[in-house]
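Both ligands and their constituent atoms are indexed starting at 1 by order of listing. Because only heavy atoms are used, hydrogens play no part in the values below, and waters and symmetry mates are left out as well, while side chains stay in.
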Amino acid sequence: DEGSATATSQSNDVEYTIPVSIGTPAQVLQLDLDTGSSDLWVFSTETESDQVNGQTLFDPSQSSSASYMDGYTWSISYGDGSTSNGDIYTDVVTIGGITVSSQAVEQAQSVSATFTRDSASDGLLGMAFDSINTAQPSQVETFFDNAQSSLDSFLFTADLKHNTDGSYGFGYIDSSLYTGDITYVDVDNSQGFWGWTSGGYAVGSDDYVTTDIVGIADTGTTLLLLDDSIVEAYYNEIDGSSNSDTYSGYVFPCSSSVPSFTFGVGSTTFTIPSDYMNTGAVYDDDSTCFGGLQSSSGTGTNIFGDVALKSAFVVFSGADSPTLGWATK
Ligand SMILES: O=C(CNCCc1c[nH]c2ccccc12)Nc1scc(-c2ccccc2)c1C(=O)NCc1ccccc1
């Protein structure tokens with residue numbers, strides 16, 4: 001099979017959600033497809049009611065195909081400090097026309113404030129590798145792994161767009177979504193992520209700097225998070241920029257002009273346009289803007305999040321030796 005689903009940009013590209021059908025009859029939730037984690041979890045009728053804020057709740061009691069996984073629990077914490085946990089049912093899950101008949105659907109019994117506030121997302125669809133799934137007493141598999149036998153090709157694609165809807169493809173590559181060739185790079189999934197190494201970077205029209213940047217392709221992280229040396233070189237080019245404690249990152253006057261950012265992929269390069277590098281005004285001052293490039297110090301890895309991924313058509317190819325494909329669009 002092959003299929004695709006609309007990737008809806010939420011709140012100016014903070015995250016991208018897709019419709020996921022769960023249960024019989026189908027209950028459709030908007031989930032944040034996240035290549036940086038491996039738990040499929042949903043807001044549920046089991047979620048603490050004071051932690052729900054407009055999200056659509058999955059109700060296993062209304063699904064004739066739901067089956068409780070007795071004794072199973074899950075508990076996840078993300079690097080930004082947000083957390084969620086609960087118990088697990090299996091049920092039929094369909095995404096972009098691809099159906100997995102018995103997918104572990106982790107029910108949130110508790111979520112942290114970040115998720116409560118995020119009314120645009122009814123949960124996460126983890127699409128990293130099974131080794132970092134948090135289910136106990138034993139791990140459960142991702143939708144991507146469970147769908148492998150029914151996908152024409154064992155891959156999914158991301159065509160994320162700036163302030164508009166893009167798409168995720170499953171099991172096939174839609175050649176109308178990109179131009180030129182797809183450049184494939186090796187993936188190191190030893191940490192459970194879509195890990196890869198970029199060959200270097202350039203700030204605006206400055207010279208390209210050849211240097212290995214080891215990072216992950218992460219649709220679940222909004223920003224591009226890189227080493228301090230690169231981040232400092234970038235903000236040196238923006239008048240009035242500073243690393244703000246108040247806003248926990250680099251900010252600059254919204255009137256400043258902002259350079260593009262280029263990163264290496266194999267023997268080619270991709271350029272993030274200037275307007276993707278400005279995420280807009282901070283919450284309490286509309287003349288101060290927050291940068292799309294921020295420091296990765298403290299994260300344990302460089303993260304090519306949505307700011308970088310939406311500059312390309314990206315193929316997540318999950319054979320035994322997984323690869324990442326990048327194409328211009
Ligand atoms: O967890 C994921 C992917 N799922 C995110 C789901 C999610 C987590 N809050 C969410 C809030 C809304 C929607 C989805 C999510 N990626 C990785 S790998 C390493 C780190 C990390 C480790 C240590 C320190 C920092 C990052 C993260 C991380 O926390 N990213 C989110 C983030 C990164 C920076 C700032 C904010 C969030």
Side-chain angles (χ1 to χ4, degrees), residues 7-18 20 29-43 47 51-56 74-85 106 108 110-134 142-144 158 160 168 187-196 213-228 231 243-244 247-251 279 282-283 290-309 314 316 324:
T8 301
S9 165
Q10 301 293 353
S11 322
N12 297 330
D13 298 351
V14 160
E15 63 191 13
Y16 295 83
T17 60
I18 61 169
V20 176
L29 277 66
Q30 284 292 329
L31 301 187
D32 179 356
L33 193 153
D34 179 9
T35 62
S37 68
S38 302
D39 284 57
L40 192 177
W41 68 262
V42 296
F43 274 80
T47 309
Q51 296 172 0
V52 176
N53 165 39
Q55 291 84 2
T56 297
W74 62 282
S75 177
I76 195 164
S77 59
Y78 302 97
D80 64 334
S82 52
T83 61
S84 51
N85 60 71
E106 301 174 14
S110 176
V111 301
S112 61
T114 304
F115 292 119
T116 299
R117 272 196 301 272
D118 182 7
S119 57
S121 168
D122 305 323
L124 263 60
L125 172 65
M127 296 280 270
F129 294 87
D130 293 341
S131 59
I132 56 172
N133 173 266
T134 74
T142 64
F143 175 82
F144 182 46
L160 301 181
Y168 284 104
V187 165
D188 165 14
N189 63 353
S190 61
Q191 305 304 307
F193 297 119
W194 291 89
W196 69 289
I213 306 171
V214 179
I216 68 172
D218 183 358
T219 58
T221 292
T222 309
L223 304 179
L224 171 60
L225 306 177
L226 298 179
D227 294 310
D228 286 336
V231 175
N243 190 358
S244 161
Y247 300 113
S248 304
Y250 283 85
V251 296
T279 69
V282 294
Y283 62 90
F290 194 79
L293 170 63
Q294 297 294 339
S295 169
S296 63
S297 66
T299 69
T301 178
N302 294 305
I303 302 180
F304 292 85
D306 298 329
V307 161
L309 298 175
V314 188
F316 293 80
L324 264 182

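- When side chains are defined from C-beta on, Trp194 counts as touching Phe129, because their heavy atoms get closer than 4.5 Å.
- Taking 4.5 Å as the limit, every side-chain heavy atom of Ile216 sits out of range of all side-chain heavy atoms of Trp196.
- Of the protein's heavy atoms, Glu15 OE1, 3.2 Å lies nearest to atom 13 (C) of ligand 1.
- Counting heavy atoms from C-beta outward, Asn133 and Glu106 have side chains that approach closer than 4.5 Å.
- Every N/O-N/O distance between Thr114 and ligand 1 stays at or above 3.5 Å.
- The closest donor-acceptor contact from the side chain of Thr222 to the backbone of Val14 lies under 3.5 Å.
- With hydrogens left out, the protein atom closest to atom 34 (C) of ligand 1 is Leu225 CD1, 4.1 Å, a heavy atom.
- At a 3.5 angstrom cut-off on N or O pairs, Ser82 counts as close to ligand 1.
- Protein heavy atom at the shortest distance from atom 4 (N) of ligand 1 is Asp34 OD2, 2.6 Å.
- Residue contacts with ligand 1 for Asp32 involve side-chain atoms from C-beta outward but no N, CA, C or O (heavy atoms, distance under 4.0 Å).
- Ligand-side atoms of ligand 1 in range of Leu124: 6 (C), range being under 4.0 angstrom from any heavy atom.
- Regarding atom 29 (O) of ligand 1, its nearest protein heavy-atom neighbour is Gly79 N, 2.8 Å.
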How far apart are the C-alpha atoms of Thr114 and Ser112, what are their side-chain angles, what is the distance that settles it, and do they pass the side chain to side chain donor-acceptor pair (under 3.5 Å) test?
-> CA-CA 6 Å; Thr114 304; Ser112 61; 4.5 Å; no
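- Under the 4.5 Å side-chain criterion, counting only non-hydrogen atoms from C-beta, Leu124 is in contact with Phe115.
- Residues Phe304 and Leu225 form no side-chain contact, since every pair of their non-hydrogen atoms from C-beta on lies 4.5 Å or further apart.
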Please lay out, stage by stage, how Asp188 and Ser190 fare under the test side chain to side chain donor-acceptor pair (under 3.5 Å).
-> CA-CA 6 Å; Asp188 165 14; Ser190 61; 2.6 Å; yes
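- Close approach to Gly298 involves these atoms of ligand 1, each under 4.0 Å from a residue heavy atom: 23 (C), 24 (C).
- At a heavy-atom cutoff of 4.0 Å, ligand 1 is contacted by the side chain of Asp118 but not by its backbone.
- Distance from atom 35 (C) of ligand 1 to its nearest protein heavy atom, with residue and atom name: Asp80 CB, 4.0 Å.
- Across all non-hydrogen atoms, the minimal contact from Thr116 to Gln55 is O-NE2, 3.0 Å.
- The proximity of Thr222 to ligand 1, defined as any non-hydrogen pair under 4.0 Å, does not occur for either the backbone or the side chain.
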Show your working on side chain to side chain donor-acceptor pair (under 3.5 Å) between Asn302 and Ser296 and close with a plain yes or no.
-> CA-CA 5 Å; Asn302 294 305; Ser296 63; 2.8 Å; yes
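- Between Gln10 and Tyr16 there is no side-chain heavy-atom pair separated by less than 4.5 Å.
- Looking at Asp39, Ile303, Thr301, Ile132 and measuring to atom 20 (C) of ligand 1, the nearest heavy atom belongs to Ile303.
- In terms of polar-atom proximity, defined here as any N/O pair under 3.5 Å, Asp218 does make such a contact with ligand 1.
- Here is the list of ligand 1 atoms found below 4.0 Å of a heavy atom in Ile216: 18 (S).
- Residue, atom and distance of the protein heavy atom nearest to atom 15 (C) of ligand 1 are Phe115 CE2, 3.8 Å.
- Side-chain contact check for Thr219 versus Tyr168: some heavy-atom pair is nearer than 4.5 Å.
- Of the protein's heavy atoms, Thr221 OG1, 2.9 Å lies nearest to atom 30 (N) of ligand 1.
- Not a single heavy atom of Leu223 sits closer than 4.0 Å to an atom of ligand 1.
- Contacts with ligand 1 closer than 4.0 Å are made by no heavy atom of Val14, backbone or side chain.
- Not a single heavy atom of Ser121 sits less than 4.0 Å from an atom of ligand 1.
- Using a 4.5 Å heavy-atom threshold, the side chains of Ile76 and Thr83 count as separate.
- Regarding atom 25 (C) of ligand 1, its nearest protein heavy-atom neighbour is Thr299 CG2, 3.5 Å.
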